[in-house]
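Each remark here refers to the structure printed beneath this line.
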Amino acid sequence: MLLFGSLGLSQRLNAQYDIDDIDILIPEIYINENWQITKQLTEELGYKLEDLHEHQFRYNHYKTAFAAIESLKPFADINIHDIETIEDNGVSYFLLNLQQYLKVYTASSKDSYRRNKNNAKDLEKIELIKRQSRTMAHA
């Protein structure tokens, strides 16, 4: 499982942001062939399917959506084998590094759907990542 999107970026930066959803990338097989398993496990946690096309669930005001981790290579040229594993309080998950996040948000800012929906947020994140990368390089 890869913690993705704004929540993953805030985890990487160790910063708090106003986050309205949780994006999780999982192996494609759990989106396609084994979707019923993913759906059942998510619903057992109290989430209700809200949008099948987006694989999005809701629990009160929390939204979570699933996508295929294999999409990273064609979308942002990120090899999934190069992603760091994080261990936190007995939980293991994958998390992109800042350069990988930069690739994702740069690709997102060029995507017509995202550009119309979230371009300002994507551009802000690109600038934030660049500033953080410069700060880390000078430290």
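The main-chain N or O of Arg58 is never found under 3.5 Å from a side-chain atom of Glu50 such that the two would form a donor-acceptor pair. No donor-acceptor pair closer than 3.5 Å links the side chain of Asn60 to the backbone N or O of Tyr62. Side chain of Lys39 to backbone of Leu49: no donor-acceptor contact under 3.5 angstrom is found.
Side-chain contact check for Lys125 and Ser109: no donor-acceptor pair (N or O, by modelled atom type) lies under 3.5 Å. For Gln40 and Gln36, the side-chain atoms include no donor-acceptor pair closer than 3.5 Å.
The side-chain heavy atoms of Leu25 and Phe94, taken from C-beta on, include no pair separated by under 4.5 Å. Counting heavy atoms from C-beta outward, Leu128 and Leu13 have side chains that approach closer than 4.5 Å. At a threshold of 4.5 Å between non-hydrogen side-chain atoms, the residues Lys103 and Thr106 do not count as touching. Inter-residue side-chain proximity for Leu102 and Ser133 is flagged as unmet; no heavy-atom pair is nearer than 4.5 Å. The shortest side-chain heavy-atom distance between Asn97 and Asp82 does not fall under the 4.5 Å cut-off. Counting only heavy atoms from C-beta outward, the side chains of Leu98 and Leu9 approach each other to under 4.5 Å. Looking at Ile31 and Phe66, their side chains come closer than 4.5 Å, going by heavy atoms from C-beta outward. Side-chain contact between Tyr93 and Leu95 is present, with at least one heavy-atom pair separated by less than 4.5 Å.
Residue Ile129 holds its CD1 atom at 11.0 Å from CD of Gln100, rounded to the nearest 0.5 Å. Remark: Ile24 CD1 to Thr64 OG1 distance equals 3.5 Å, nearest 0.5 Å. His53 contributes atom NE2, which lies 8.5 Å from atom NE2 of His55 (distance to the nearest 0.5 angstrom). The line from OH of Tyr105 to CD of Glu127 is 14.0 Å long, rounded to the nearest 0.5 Å. Summarising the geometry, atom OG belonging to Ser6 is positioned 10.0 Å from atom CD belonging to Glu124; distances are rounded to the nearest 0.5 Å.
Between Phe75 and Val104, the shortest heavy-atom contact is CE2-O, 3.8 Å. Looking at every heavy atom in both residues, Glu54 comes nearest to Ala65 through O-CB, 3.9 Å. Nearest heavy-atom pair across Ser10 and Ile19 is OG-CD1, 3.4 Å.
Hydrophobic clustering keeps Leu41 apart from Met1 (ILVMFWY residues linked when any side-chain heavy atoms are closer than 4.5 Å, directly or through intermediates). Side-chain heavy atoms closer than 4.5 Å link hydrophobic residues (I, L, V, M, F, W, Y) into clusters, and following such links, possibly through other members, connects Ile29 to Trp35. Placement of Ile69 and Ile37 in two distinct hydrophobic clusters is found when ILVMFWY residues are connected by side-chain heavy-atom separations under 4.5 Å, directly or transitively.
Tested against Phe57, the residues Leu45, Thr42, Asp21 include a single side-chain contact (heavy atoms from CB on, under 4.5 Å) partner, Thr42. If you run side-chain contact (heavy atoms from CB on, under 4.5 Å) between Leu2 and each of Asp23, Ile80, Leu72, only Leu72 comes through.
Annotation for Tyr47: atom OH counts as buried by contact number, over 12 foreign heavy atoms lying within 6.0 Å.
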